[in-house]
Protein chains: 2
Amino acid sequence: MTLADTAYDSLRRDIMRGHLPPGQPLRLEALRARYDMGFSPLREALNRLQSERLVVSASMKGFIVAPLSLPEMWEAIEARVLVETEALRLSILRGDDAWEAGVVAALHALGLAAARGEPETLEARHAEFHLSLIVACGSGWLLDFARKLSAATERYRAPVLAGDTAPRDVQGEHAALAEAALARRAEEAPALLAAHYRRTGERIAARMAA
Amino acid sequence: MTLADTAYDSLRRDIMRGHLPPGQPLRLEALRARYDMGFSPLREALNRLQSERLVVSASMKGFIVAPLSLPEMWEAIEARVLVETEALRLSILRGDDAWEAGVVAALHALGLAAARGEPETLEARHAEFHLSLIVACGSGWLLDFARKLSAATERYRAPVLAGDTAPRDVQGEHAALAEAALARRAEEAPALLAAHYRRTGERIAARMAA
DNA sequence: CACAACAAAATTTTCGAAAATTTATGTTTA
DNA sequence: TAAACATAAATTTTCGAAAATTTTGTTGTG
């Protein structure tokens, strides 16, 4: 792995987890000190992240962490619903035994991580579960879009997840989703997925208003 | 505009027009001579193009122009159908007077370019027309995806367009599409759009087989 | 006091050389 | 002969300084 790849991963994680807050200018000298590398790999990583809309840049004025807003969140969620419902439909149509096994495994791992409560691994298992559902869709484009939209929406989830008191059986939603997918219910499973994402959006919108 | 932006535009155009053929290695020294700039802006451009799947790279082995294949073409076309039919639906729902005027103007300009027959401008007007249809969708994500998929599919069209003899009233399809969109027929217009893209795919597949 | 005009500082962008890695070439050995 | 290995060449990747640009601060002017 090259340094540019490392820079990409580090910056991406720090932006997604909010450690680099929205709107913050990304000064090259500061990044150089933080990640201990030269300008070149950092700039290459920033150019990639710009294509994924995690950072924005103005010519000759450098890069900043992409800002957040409620309208942008809904834009990302609705795009994600479009892409992932179709990808799930295709996975249900095309998925083989290995796909089914992957879904079962990811759901189980997610349950374990949720019980343990470590936010770091929980976040990773959550992403892996949602990926496992659509991974058999057969379209690299849809998987690519889903990955970018997942990163974009994750930025809204993380800061809110902390003080979330209202009860919600997320693991139950996940289980129902997995069951519908494995039973090849090509209408119900995408509907559950869409509702799942929109419910998360409502939850975030409610907390951001408060 | 920075040199990196120039490099991005030049490389993108040369790849889309097939002047840099699929699979060709993109040696930095050769690019440096071709575009008359240093390594840094070229590498930044290549990193962006990698995010758009126009080039692919292996760690420490540099970049190559992304290869073409019939399965990949259909993948891109079907993803494009998904994204643009939804974006068109939204445009029909939300588009205002300026949107309608833009569609009419783009259709007219496309007709003029087609009559004149300059492939360079025709290509640009064609892309502008299809963009005009969906530009009022209100989703930056969908427009972003559409732009990338448009670039990906254009690569298949260009080489085939030359020796295309079988008759097809493309401008008629475009006119019908615009009419349905402007009449706010939210079912028919997306269907016409999907058929339009798939027909182009069939045409290309037929010629690639021969 | 507002506001240009200019200079200084900070920052981004670009370059070319150095370092790291891969690929090609030739030589030895079993 | 063919595999294994060393060596050289080609190429990518990275660095740090130089160039270009923007931002900040200062001074002079109406």
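Scope of the values below: all heavy atoms of this structure, side chains included, with no hydrogens, waters or symmetry mates. Sequence lines set the chain letters: A, B, ... in the order given, protein chains first and strands last, and positions in each chain run from 1.
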>> Does D:dC15 have OP1 or OP2 under 4.0 Å away from a side-chain N or O of A:R32?
In response: no
> Atom CG of B:L42 to atom C1' of D:dT14: distance rounded to whole Å?
Replying inline: 16 Å
Considering only nitrogen or oxygen atoms on both sides, find all protein atoms under 3.5 Å from nucleotides 11-13 of chain D and state each distance.
{"unit_1": "D:dT12", "atom_1": "OP2", "unit_2": "B:L28", "atom_2": "N", "d": "3.1"}
{"unit_1": "D:dT13", "atom_1": "OP1", "unit_2": "B:M60", "atom_2": "N", "d": "3.0"}
{"unit_1": "D:dT13", "atom_1": "OP2", "unit_2": "B:R43", "atom_2": "NH1", "d": "2.4"}
{"unit_1": "D:dT13", "atom_1": "OP2", "unit_2": "B:R43", "atom_2": "NH2", "d": "3.4"}

> Between atom OH in A:Y8 and atom C1' in D:dT14, what is the gap in whole Å?
Replying inline: 21 Å
With a cut-off of 3.5 Å and sequence neighbours excluded, list every side-chain donor-acceptor pair involving residues 65-76 of chain A.
{"unit_1": "A:S69", "atom_1": "OG", "unit_2": "A:E72", "atom_2": "N", "d": "3.2"}
{"unit_1": "A:E75", "atom_1": "OE1", "unit_2": "B:G140", "atom_2": "N", "d": "2.9"}

>> If the condition is salt bridge (Lys or Arg N to Asp or Glu O under 4.0 Å), which residues does B:R53 pass it with, not counting sequence neighbours?
In response: none
>> Measure CG/A:D36 against C1'/D:dT14 and give the value in whole Å, please.
In response: 13 Å
Pair up each side-chain donor or acceptor in residues 101-120 of chain B with any protein partner under 3.5 Å, not counting sequence neighbours, and list the distances.
none

> Looking at residues at least two apart in the chain, or sitting in another chain, which of them share a ring pair (Phe, Tyr, Trp, His ring centres under 6.0 Å) with A:F39?
Replying inline: none
> Would B:N47 and B:Y8 count as having a side-chain donor-acceptor pair, cut-off 3.5 Å?
Replying inline: no
>> Going by the rule ring pair (Phe, Tyr, Trp, His ring centres under 6.0 Å), which residues pair with B:Y197 if we only count those two or more places apart in sequence or in a different chain?
In response: B:H130
